[in-house]
Amino acid sequence: MVLPVRPPYDLCRTVQCGQAFGWRTDNTGVTGVFAARRVRLAQTAGGILVEGLSDERDLVRLRHYLGLDEPLEAVESELMRDRVLRRILPHTSGIALLRQNPWECLVSFIISAFNNIPKIELSLDRLTRQFGDGVAEGVWSFPEPARLAGARLKELHRCALGYRAPYVRQVARLMASGRVDLSAIGQMPFHEARHALQALPGVGEKVADCVLLFAYRRGEAFPVDVWVKRAVERWYFHGRRVTARQIQEFARSQFGPLAGYAQQHLFYYIRERGNGGTRERAPARTRARPQSGRRLPR
DNA sequence: ATTCAGGTGCGAG
DNA sequence: CTCGCACCTGAA
(Lines give C-alpha, C1' and ligand atoms only; values in the text may rest on other atoms or scores of the structure.)
Protein backbone atom coordinates (compact mmCIF):
# COMPACT_ATOMS: atom_id res chain seq x y z
CA MET A 1 0.00 0.00 0.00
CA VAL A 2 1.28 3.47 -0.87
CA LEU A 3 0.29 6.77 0.67
CA PRO A 4 0.80 9.71 -1.67
CA VAL A 5 2.99 12.57 -0.45
CA ARG A 6 3.75 16.01 -1.73
CA PRO A 7 7.22 17.50 -1.62
CA PRO A 8 9.06 18.52 0.42
CA TYR A 9 7.75 15.94 2.93
CA ASP A 10 10.58 13.85 4.38
CA LEU A 11 9.59 10.75 6.34
CA CYS A 12 12.95 10.05 7.94
CA ARG A 13 13.45 13.58 9.16
CA THR A 14 9.90 13.71 10.43
CA VAL A 15 10.24 10.65 12.62
CA GLN A 16 13.85 11.29 13.60
CA CYS A 17 13.69 14.91 14.57
CA GLY A 18 12.95 14.13 18.17
CA GLN A 19 9.21 14.40 18.43
CA ALA A 20 8.64 10.65 18.77
CA PHE A 21 10.75 7.91 20.32
CA GLY A 22 9.17 4.78 18.88
CA TRP A 23 10.50 4.69 15.33
CA ARG A 24 13.72 3.00 14.29
CA THR A 25 15.38 3.82 11.02
CA ASP A 26 17.76 1.91 8.80
CA ASN A 27 18.85 2.05 5.19
CA THR A 28 15.53 0.92 3.84
CA GLY A 29 13.10 2.91 5.92
CA VAL A 30 11.56 3.16 9.36
CA THR A 31 9.82 0.62 11.54
CA GLY A 32 7.57 1.03 14.53
CA VAL A 33 4.23 0.15 16.02
CA PHE A 34 1.06 1.75 14.75
CA ALA A 35 -2.56 0.69 15.26
CA ALA A 36 -1.40 -2.38 17.16
CA ARG A 37 0.70 -3.58 14.24
CA ARG A 38 4.34 -3.73 13.48
CA VAL A 39 4.65 -1.49 10.45
CA ARG A 40 7.43 -0.65 8.10
CA LEU A 41 7.49 2.59 6.14
CA ALA A 42 9.68 3.68 3.30
CA GLN A 43 9.55 6.82 1.27
CA THR A 44 9.83 6.34 -2.47
CA ALA A 45 9.26 8.54 -5.47
CA GLY A 46 5.66 7.36 -5.54
CA GLY A 47 4.92 8.08 -1.89
CA ILE A 48 5.14 6.34 1.46
CA LEU A 49 5.31 2.59 1.07
CA VAL A 50 3.43 0.99 3.96
CA GLU A 51 3.91 -2.62 5.04
CA GLY A 52 1.97 -4.28 7.82
CA LEU A 53 -1.24 -2.28 7.67
CA SER A 54 -4.25 -3.56 5.76
CA ASP A 55 -7.29 -1.84 7.23
CA GLU A 56 -8.23 1.20 5.19
CA ARG A 57 -9.19 3.04 8.35
CA ASP A 58 -5.76 2.47 9.84
CA LEU A 59 -4.15 3.89 6.73
CA VAL A 60 -6.23 7.03 7.07
CA ARG A 61 -5.12 7.27 10.68
CA LEU A 62 -1.51 6.79 9.69
CA ARG A 63 -1.81 9.49 7.08
CA HIS A 64 -3.21 11.80 9.71
CA TYR A 65 -0.55 10.83 12.25
CA LEU A 66 2.29 11.43 9.82
CA GLY A 67 1.00 14.84 8.86
CA LEU A 68 0.95 13.95 5.18
CA ASP A 69 -1.68 16.55 4.40
CA GLU A 70 0.18 19.50 5.82
CA PRO A 71 0.91 22.35 3.42
CA LEU A 72 4.61 21.95 4.04
CA GLU A 73 5.69 23.81 0.95
CA ALA A 74 3.80 26.90 2.02
CA VAL A 75 5.02 26.57 5.61
CA GLU A 76 8.63 26.42 4.55
CA SER A 77 8.36 29.27 2.11
CA GLU A 78 7.11 31.39 5.01
CA LEU A 79 9.96 30.20 7.20
CA MET A 80 12.42 31.12 4.47
CA ARG A 81 11.73 34.75 5.25
CA ASP A 82 13.75 34.30 8.41
CA ARG A 83 17.44 34.86 7.78
CA VAL A 84 18.59 31.97 9.92
CA LEU A 85 16.05 29.45 8.73
CA ARG A 86 16.81 30.39 5.16
CA ARG A 87 20.26 28.91 5.69
CA ILE A 88 19.08 25.96 7.71
CA LEU A 89 16.11 24.78 5.68
CA PRO A 90 18.10 23.33 2.80
CA HIS A 91 19.46 20.84 5.35
CA THR A 92 16.23 20.17 7.22
CA SER A 93 13.45 20.57 4.69
CA GLY A 94 10.54 18.17 4.87
CA ILE A 95 10.00 17.94 8.61
CA ALA A 96 6.31 17.61 9.38
CA LEU A 97 4.64 17.71 12.77
CA LEU A 98 3.21 14.41 13.93
CA ARG A 99 -0.12 14.04 15.63
CA GLN A 100 0.76 11.67 18.43
CA ASN A 101 -1.44 10.10 21.04
CA PRO A 102 -1.51 12.68 23.86
CA TRP A 103 -1.15 10.15 26.67
CA GLU A 104 1.84 8.40 25.15
CA CYS A 105 3.38 11.72 24.23
CA LEU A 106 2.92 13.03 27.77
CA VAL A 107 4.56 10.02 29.39
CA SER A 108 7.38 10.06 26.84
CA PHE A 109 8.32 13.62 27.59
CA ILE A 110 7.96 13.31 31.35
CA ILE A 111 10.55 10.57 31.01
CA SER A 112 12.69 12.76 28.77
CA ALA A 113 13.43 15.26 31.53
CA PHE A 114 17.13 15.46 32.38
CA ASN A 115 17.67 12.25 30.48
CA ASN A 116 19.34 11.10 27.29
CA ILE A 117 17.71 9.72 24.19
CA PRO A 118 18.99 6.12 24.32
CA LYS A 119 17.77 5.81 27.90
CA ILE A 120 14.44 7.44 27.11
CA GLU A 121 13.96 4.84 24.39
CA LEU A 122 15.03 2.11 26.76
CA SER A 123 12.55 3.21 29.41
CA LEU A 124 9.67 3.49 26.96
CA ASP A 125 10.46 0.11 25.51
CA ARG A 126 10.52 -1.54 28.92
CA LEU A 127 7.39 0.28 29.98
CA THR A 128 5.59 -0.99 26.91
CA ARG A 129 6.73 -4.59 27.36
CA GLN A 130 6.01 -4.62 31.09
CA PHE A 131 2.62 -2.94 31.10
CA GLY A 132 1.32 -2.85 27.54
CA ASP A 133 -0.94 -5.48 26.05
CA GLY A 134 0.71 -8.00 23.77
CA VAL A 135 -1.25 -7.42 20.58
CA ALA A 136 0.87 -9.52 18.24
CA GLU A 137 4.11 -11.42 18.14
CA GLY A 138 6.69 -9.05 19.57
CA VAL A 139 4.27 -6.13 19.57
CA TRP A 140 2.90 -4.36 22.60
CA SER A 141 0.49 -1.48 22.84
CA PHE A 142 1.39 1.52 24.92
CA PRO A 143 0.12 0.92 28.47
CA GLU A 144 -3.18 2.51 29.42
CA PRO A 145 -3.30 4.95 32.34
CA ALA A 146 -5.17 2.45 34.52
CA ARG A 147 -2.43 -0.09 34.04
CA LEU A 148 0.31 2.29 35.13
CA ALA A 149 -1.87 3.69 37.88
CA GLY A 150 -1.96 0.27 39.49
CA ALA A 151 1.71 -0.49 39.01
CA ARG A 152 4.04 -0.95 41.93
CA LEU A 153 6.75 1.67 42.16
CA LYS A 154 9.20 -1.19 42.24
CA GLU A 155 7.95 -2.42 38.87
CA LEU A 156 8.19 1.03 37.40
CA HIS A 157 11.73 1.36 38.63
CA ARG A 158 12.63 -1.71 36.62
CA CYS A 159 11.99 0.45 33.57
CA ALA A 160 14.89 2.67 34.64
CA LEU A 161 12.59 5.60 35.24
CA GLY A 162 14.59 6.80 38.22
CA TYR A 163 13.07 9.72 40.06
CA ARG A 164 10.45 10.06 37.30
CA ALA A 165 8.70 6.84 38.34
CA PRO A 166 6.39 8.52 40.87
CA TYR A 167 5.58 11.26 38.34
CA VAL A 168 4.51 8.70 35.78
CA ARG A 169 2.33 6.88 38.28
CA GLN A 170 0.78 10.02 39.68
CA VAL A 171 -0.09 11.27 36.22
CA ALA A 172 -1.47 7.84 35.32
CA ARG A 173 -3.68 7.96 38.40
CA LEU A 174 -4.97 11.41 37.53
CA MET A 175 -5.97 10.14 34.10
CA ALA A 176 -7.36 6.82 35.28
CA SER A 177 -9.52 8.49 37.92
CA GLY A 178 -10.90 10.96 35.42
CA ARG A 179 -9.64 13.90 37.46
CA VAL A 180 -7.73 14.98 34.38
CA ASP A 181 -8.99 14.50 30.83
CA LEU A 182 -6.41 14.83 28.09
CA SER A 183 -8.98 15.10 25.34
CA ALA A 184 -10.62 17.96 27.20
CA ILE A 185 -7.25 19.66 27.53
CA GLY A 186 -6.89 19.27 23.80
CA GLN A 187 -10.02 21.37 23.31
CA MET A 188 -8.82 24.24 25.48
CA PRO A 189 -7.35 27.49 24.22
CA PHE A 190 -3.58 27.36 24.00
CA HIS A 191 -2.58 29.04 27.25
CA GLU A 192 -5.29 27.33 29.22
CA ALA A 193 -4.21 23.94 27.92
CA ARG A 194 -0.61 24.77 28.69
CA HIS A 195 -1.53 25.72 32.22
CA ALA A 196 -3.53 22.53 32.70
CA LEU A 197 -0.63 20.40 31.52
CA GLN A 198 1.86 22.19 33.72
CA ALA A 199 -0.27 21.43 36.74
CA LEU A 200 0.66 17.75 36.31
CA PRO A 201 3.54 16.34 38.34
CA GLY A 202 6.74 16.18 36.33
CA VAL A 203 5.37 18.53 33.70
CA GLY A 204 6.93 21.96 33.37
CA GLU A 205 7.00 24.44 30.50
CA LYS A 206 9.08 22.36 28.17
CA VAL A 207 7.18 19.10 28.51
CA ALA A 208 3.86 20.93 28.26
CA ASP A 209 4.99 22.56 25.03
CA CYS A 210 6.09 19.21 23.64
CA VAL A 211 2.65 17.73 24.23
CA LEU A 212 0.97 20.80 22.80
CA LEU A 213 3.11 20.59 19.69
CA PHE A 214 3.59 16.88 19.07
CA ALA A 215 0.20 15.58 20.13
CA TYR A 216 -2.22 18.48 19.76
CA ARG A 217 -0.31 20.09 16.93
CA ARG A 218 -0.50 23.60 18.34
CA GLY A 219 1.87 25.48 16.09
CA GLU A 220 2.37 28.30 18.59
CA ALA A 221 4.19 25.96 20.94
CA PHE A 222 7.96 26.37 21.02
CA PRO A 223 9.56 23.84 23.36
CA VAL A 224 12.81 25.25 24.72
CA ASP A 225 15.27 22.53 25.59
CA VAL A 226 18.99 22.93 26.00
CA TRP A 227 19.58 22.51 22.25
CA VAL A 228 17.02 25.00 21.08
CA LYS A 229 18.17 27.44 23.72
CA ARG A 230 21.70 27.10 22.44
CA ALA A 231 20.58 27.53 18.83
CA VAL A 232 18.48 30.61 19.50
CA GLU A 233 21.13 32.26 21.65
CA ARG A 234 23.80 31.64 19.07
CA TRP A 235 21.93 32.57 15.95
CA TYR A 236 19.47 35.21 17.09
CA PHE A 237 21.08 36.79 20.16
CA HIS A 238 24.72 37.06 19.12
CA GLY A 239 25.62 34.26 21.50
CA ARG A 240 24.32 36.07 24.54
CA ARG A 241 22.72 34.03 27.28
CA VAL A 242 19.02 34.67 27.61
CA THR A 243 16.28 33.17 29.72
CA ALA A 244 13.80 30.59 28.47
CA ARG A 245 11.13 33.22 28.94
CA GLN A 246 12.91 35.59 26.56
CA ILE A 247 13.28 32.82 24.03
CA GLN A 248 9.58 32.07 24.21
CA GLU A 249 8.71 35.70 23.67
CA PHE A 250 11.14 35.96 20.80
CA ALA A 251 9.76 32.84 19.12
CA ARG A 252 6.19 33.97 19.48
CA SER A 253 6.85 37.33 17.89
CA GLN A 254 9.23 36.06 15.24
CA PHE A 255 7.41 32.93 14.08
CA GLY A 256 3.82 33.23 15.33
CA PRO A 257 1.80 30.13 14.52
CA LEU A 258 4.79 28.57 12.77
CA ALA A 259 6.93 28.64 15.91
CA GLY A 260 6.67 24.88 16.28
CA TYR A 261 8.02 24.26 12.81
CA ALA A 262 10.82 26.72 13.41
CA GLN A 263 11.69 24.89 16.60
CA GLN A 264 11.89 21.59 14.79
CA HIS A 265 14.25 22.92 12.15
CA LEU A 266 16.51 24.61 14.68
CA PHE A 267 16.57 21.54 16.87
CA TYR A 268 17.20 19.11 14.05
CA TYR A 269 19.89 21.24 12.51
CA ILE A 270 21.93 21.99 15.63
CA ARG A 271 21.84 18.32 16.61
CA GLU A 272 22.44 16.96 13.14
CA ARG A 273 25.52 19.10 12.86
CA GLY A 274 26.95 17.22 15.79
CA ASN A 275 29.00 19.23 18.25
CA GLY A 276 26.29 21.86 18.56
CA GLY A 277 27.67 22.40 22.00
CA THR A 278 30.79 24.19 20.87
CA ARG A 279 31.39 27.54 19.37
CA GLU A 280 30.40 26.70 15.87
CA ARG A 281 29.13 29.63 13.86
CA ALA A 282 25.79 30.19 12.28
CA PRO A 283 24.92 28.03 9.30
CA ALA A 284 26.88 29.04 6.22
CA ARG A 285 28.55 32.35 6.78
CA THR A 286 25.93 34.89 7.62
CA ARG A 287 25.27 35.85 11.15
CA ALA A 288 21.69 36.56 11.99
CA ARG A 289 20.64 39.67 13.80
CA PRO A 290 17.57 39.67 15.98
CA GLN A 291 16.06 42.77 14.51
CA SER A 292 17.18 42.38 10.95
CA GLY A 293 15.09 39.36 10.03
CA ARG A 294 11.65 40.12 8.80
CA ARG A 295 8.96 38.95 11.12
CA LEU A 296 6.75 36.18 9.92
CA PRO A 297 3.06 37.06 9.72
CA ARG A 298 0.70 35.68 12.32
C1' DA B 1 35.74 6.08 38.51
C1' DT B 2 33.65 10.16 36.68
C1' DT B 3 30.76 12.57 33.71
C1' DC B 4 26.87 13.59 31.07
C1' DA B 5 22.02 13.75 29.48
C1' DG B 6 15.94 16.88 25.28
C1' DG B 7 13.94 19.57 33.00
C1' DT B 8 11.35 19.93 37.15
C1' DG B 9 10.30 20.86 41.91
C1' DC B 10 12.01 22.99 45.81
C1' DG B 11 13.58 26.32 49.06
C1' DA B 12 15.86 30.77 49.61
C1' DG B 13 16.60 35.67 48.67
C1' DC C 1 9.08 35.86 40.91
C1' DT C 2 13.71 34.79 39.74
C1' DC C 3 17.77 31.91 40.95
C1' DG C 4 20.46 27.94 42.38
C1' DC C 5 20.61 23.23 43.28
C1' DA C 6 19.68 18.14 43.70
C1' DC C 7 18.21 14.48 41.15
C1' DC C 8 17.66 8.17 39.16
C1' DT C 9 20.49 5.76 36.16
C1' DG C 10 22.69 3.60 31.94
C1' DA C 11 26.39 4.41 28.85
C1' DA C 12 30.83 6.26 27.40
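Proteins come first, then strands; the chains are lettered A, B, ... in the order of their sequence lines, and each starts at number 1. Values in this document were obtained by computation on a predicted structure and should not be read as measured data.
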**OP:** Mind running a 4.0 Å heavy-atom check of residues 108-120 of chain A against DNA chain C and sending the residues that fall below it, in number order?
**Re:** Phe114(A), Asn116(A), Lys119(A)

**OP:** Could you check if a side-chain atom of Gln19(A) sits within less than 4.5 angstrom of a side-chain atom of Leu213(A), using non-hydrogen atoms only?
**Re:** no

Original post:
First and last nucleotide of DNA chain B touching chain A, 5' to 3', heavy-atom cut-off 4.0 Å?
Top reply: dA5(B) to dG9(B)

**OP:** Tell me which residues in residues 18-26 of chain A put a heavy atom below 4.0 Å from DNA chain B, sorted by number, or none.
**Re:** Gly18(A), Phe21(A)

Original post:
Considering residues at least two apart in sequence or located in another chain, which fulfil the side chain to side chain contact (heavy atoms under 4.5 Å, CB included) criterion with Glu249(A)?
Top reply: Arg245(A), Arg252(A)

Subject >> Selection: residues 162-169 of chain A, any non-hydrogen atom under 4.0 Å of DNA chain B >> reply: Tyr163(A), Tyr167(A)

Subject >> By side chain to side chain contact (heavy atoms under 4.5 Å, CB included) - contacts of Arg99(A) (at least two apart) >> reply: His64(A), Arg217(A)

Original post:
In chain order, what residues pass the ring pair (Phe, Tyr, Trp, His ring centres under 6.0 Å) check against Tyr216(A), with sequence neighbours excluded?
Top reply: none

Subject >> Secondary structure of DNA chain C in dot-bracket form (Watson-Crick or G-U wobble, distances below 3.5 Å, | marking inter-strand pairs) >> reply: |||||||.||||

Original post:
Is there a donor-acceptor contact under 3.5 Å linking the side chains of Tyr269(A) and Arg273(A)?
Top reply: yes

Original post:
Who passes side chain to side chain donor-acceptor pair (under 3.5 Å) against Gln100(A), sequence neighbours left out?
Top reply: none

Under 3.5 Å donor-acceptor pairs involving side-chain atoms of residues 113-123 of chain A, not counting sequence neighbours:
unit_1	atom_1	unit_2	atom_2	d
Asn115(A)	ND2	Ile111(A)	O	2.9
Asn116(A)	OD1	Lys119(A)	N	3.0
Ser123(A)	OG	Lys119(A)	O	3.2
Ser123(A)	OG	Cys159(A)	O	2.8
Ser123(A)	OG	Ala160(A)	O	3.2

Original post:
Are a donor atom and an acceptor atom from the side chains of Thr92(A) and Glu272(A) found within less than 3.5 Å of each other?
Top reply: no

**OP:** Quick one: list whatever passes side chain to side chain donor-acceptor pair (under 3.5 Å) with Lys206(A), sequence neighbours left out.
**Re:** none

Original post:
Looking at residues 194-220 of chain A, who's got a heavy atom less than 4.0 Å off DNA chain C?
Top reply: none

